[in-house]
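Okay, structure first, notes after.
Being a predicted model, the structure only gives us computed values, none of them experimental.
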Amino acid sequence: MNYTDYRLSLDIFKTASQDTLPVKQGDTAYRLCINITANGFPYLITEGCYAVFTAKKPDGNFINNKCEIENNTIYYHLTSQTTAAIGMVECEIVLYDDNDEQLATPHFNIFVDKKAYNGEVIKSSSEVNMLEDLIEKSEAQVVEAEKLIKELENTDFNYILTEADKEEIADIIKADFVDVSEVGK
């Protein structure tokens with residue numbers, strides 16, 4: 001099935017909710033194509049930024065999912081959880097850079113209408129694929145750091161390295177490590 005693109009432009013200098021997309025409960029064939037502006041001028045998304053679609057559903061559950069950025073446009077594919085709860089879903093996009101600076105867009109809405117007949121029961125819950133991506137990334141970084149430390153310990157130069165040197169090298173290797181083990185507890 002082809003995605004139906006829903007294009008919207010969000011101006012960061014306007015605070016009111018800027019658009020509403022009507023969908024049916026369970027619809028997933030929509031792709032949001034979002035451009036950000038600043039007082040009507042294109043906002044340039046710099047290299048290294050990533051975007052997160054965040055939303056509060058009418059039943060109190062939330063969405064916190066990773067988006068794609070391509071050619072200064074942010075893309076988000078609606079998931080079954082995005083459209084699981086009937087009513088108004090309050091949404092925004094949050095941009096993050098390498099320095100943990102963030103910029104949130106004004107709100108926009110997705111209005112989820114019930115289907116005339118739906119043979120299945122859709123249960124709404126929170127969805128956080130961004131957290132799952134961070135956990136996978138941090139686990140991979142730990143494995144890589146441990147592998148590099150073992151390689152250093154097995155080199156011919158090992159006799160020159162003191163324990164303090166090894167700790168300093170381990171700290172350098174782990175400098176970019178993001179520990180997400182406590183998130184969600």
Side-chain angles (χ1 to χ4, degrees), residues 1-115 122-140 178 180 182-185:
M1 176 180 300
N2 292 325
Y3 281 104
T4 299
D5 287 344
Y6 188 80
R7 300 188 180 283
L8 67 147
S9 179
L10 302 172
D11 196 311
I12 58 173
F13 288 108
K14 296 180 181 173
T15 57
S17 184
Q18 296 187 6
D19 212 339
T20 299
L21 166 65
V23 299
K24 293 287 187 170
Q25 186 180 28
D27 281 356
T28 57
Y30 283 94
R31 179 175 72 163
L32 301 179
C33 307
I34 302 164
N35 291 102
I36 300 174
T37 60
N39 279 330
F41 295 99
Y43 176 85
L44 179 62
I45 301 172
T46 57
E47 189 72 30
C49 285
Y50 64 95
V52 178
F53 171 87
T54 62
K56 182 179 177 190
K57 299 194 285 186
D59 61 3
N61 285 307
F62 62 91
I63 304 287
N64 195 23
N65 288 342
K66 186 176 175 181
C67 300
E68 298 170 21
I69 301 174
E70 186 177 311
N71 296 326
N72 215 49
T73 300
I74 300 166
Y75 296 96
Y76 176 70
H77 298 267
L78 297 189
T79 66
S80 59
Q81 278 305 312
T82 307
T83 61
I86 296 170
M88 195 65 74
V89 180
E90 191 174 340
C91 313
E92 67 186 3
I93 300 293
V94 182
L95 289 173
Y96 296 90
D97 70 7
D98 293 335
N99 299 319
D100 291 328
E101 296 288 331
Q102 67 178 10
L103 175 70
T105 66
H107 293 174
F108 59 96
N109 297 307
I110 298 173
F111 180 74
V112 181
D113 195 8
K114 66 180 179 174
K115 290 187 176 177
I122 298 173
K123 183 174 179 185
S124 175
S125 63
S126 294
E127 182 176 64
V128 186
N129 72 16
M130 190 68 197
L131 180 59
E132 293 165 1
D133 289 347
L134 284 172
I135 291 170
E136 287 177 17
K137 190 176 188 179
S138 68
E139 288 172 349
V178 177
V180 296
E182 296 298 316
V183 176
K185 287 187 180 179

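Rounded to the nearest 0.5 angstrom, Leu78 CG and Asn65 CG are separated by 10.5 Å. Here the CD atom belonging to Gln102 is positioned 11.5 Å from the SG atom belonging to Cys49, to the nearest 0.5 angstrom. We find the NZ-OG1 distance between Lys57 and Thr83 to be 8.5 Å, quoted to the nearest 0.5 Å. Here Leu103 contributes atom CG and Glu92 contributes atom CD; the two are 10.0 Å apart, rounded to the nearest 0.5 Å. Distance check: Leu10 CG to His107 NE2 gives 10.5 Å after rounding to the nearest 0.5 Å. The CE atom of Met88 sits 6.0 Å away from atom CZ of Phe111, with the distance rounded to the nearest 0.5 Å.
In this structure the side chain of Thr105 never reaches within 4.5 angstrom of the side chain of Ile74, judged on heavy atoms. Counting heavy atoms from C-beta on, the side chains of Thr4 and Arg31 never come closer than 4.5 Å.
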Using the rule given for side-chain contact (heavy atoms from CB on, under 4.5 Å), can you reason through Ile63 versus Val89, listing the C-alpha separation, both sets of side-chain angles and the distance that settles it, and then say yes or no?
CA-CA 10 Å; Ile63 304 287; Val89 180; 5.8 Å; no
May I have the step-by-step check of side-chain contact (heavy atoms from CB on, under 4.5 Å) for Lys66 and Tyr50, ending in yes or no?
CA-CA 8 Å; Lys66 186 176 175 181; Tyr50 64 95; 5.8 Å; no
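Contact between Pro106 and Thr15 at its shortest, heavy atoms only, is CB-O, 4.5 Å. The minimum heavy-atom distance between Lys114 and Ile86, with the atom names listed, is CB-CD1, 3.3 Å. The shortest heavy-atom contact between Asp98 and Gly48 is OD1-O, 3.3 Å.
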Can you list, pair by pair, the side-chain donor-acceptor contacts under 3.5 Å of residues 32-47, counting residues two or more places apart and other chains?
residue: Asn35; atom: ND2; partner: Asn72; partner atom: O; Å: 3.4
residue: Asn35; atom: ND2; partner: Thr73; partner atom: OG1; Å: 3.0
residue: Thr37; atom: OG1; partner: Asp11; partner atom: OD2; Å: 3.3

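Side-chain contact annotation: Tyr76 with Thr82, donor-acceptor N/O pair under 3.5 Å present.
The side chain to side chain contact (heavy atoms under 4.5 Å, CB included) search around Lys24 returns Asp27, Asp113, Lys115, not counting sequence neighbours. Partners of Asp100 by salt bridge (Lys or Arg N to Asp or Glu O under 4.0 Å), not counting sequence neighbours: none found.
Although no hydrogens or angles enter the test, the distance criterion places a donor-acceptor pair under 3.5 Å between the side chain of Asp97 and the main chain of Asn99.
Using the six-membered ring where Trp is involved, Phe108 and Phe53 have ring planes that are tilted, between 30° and 60° apart.
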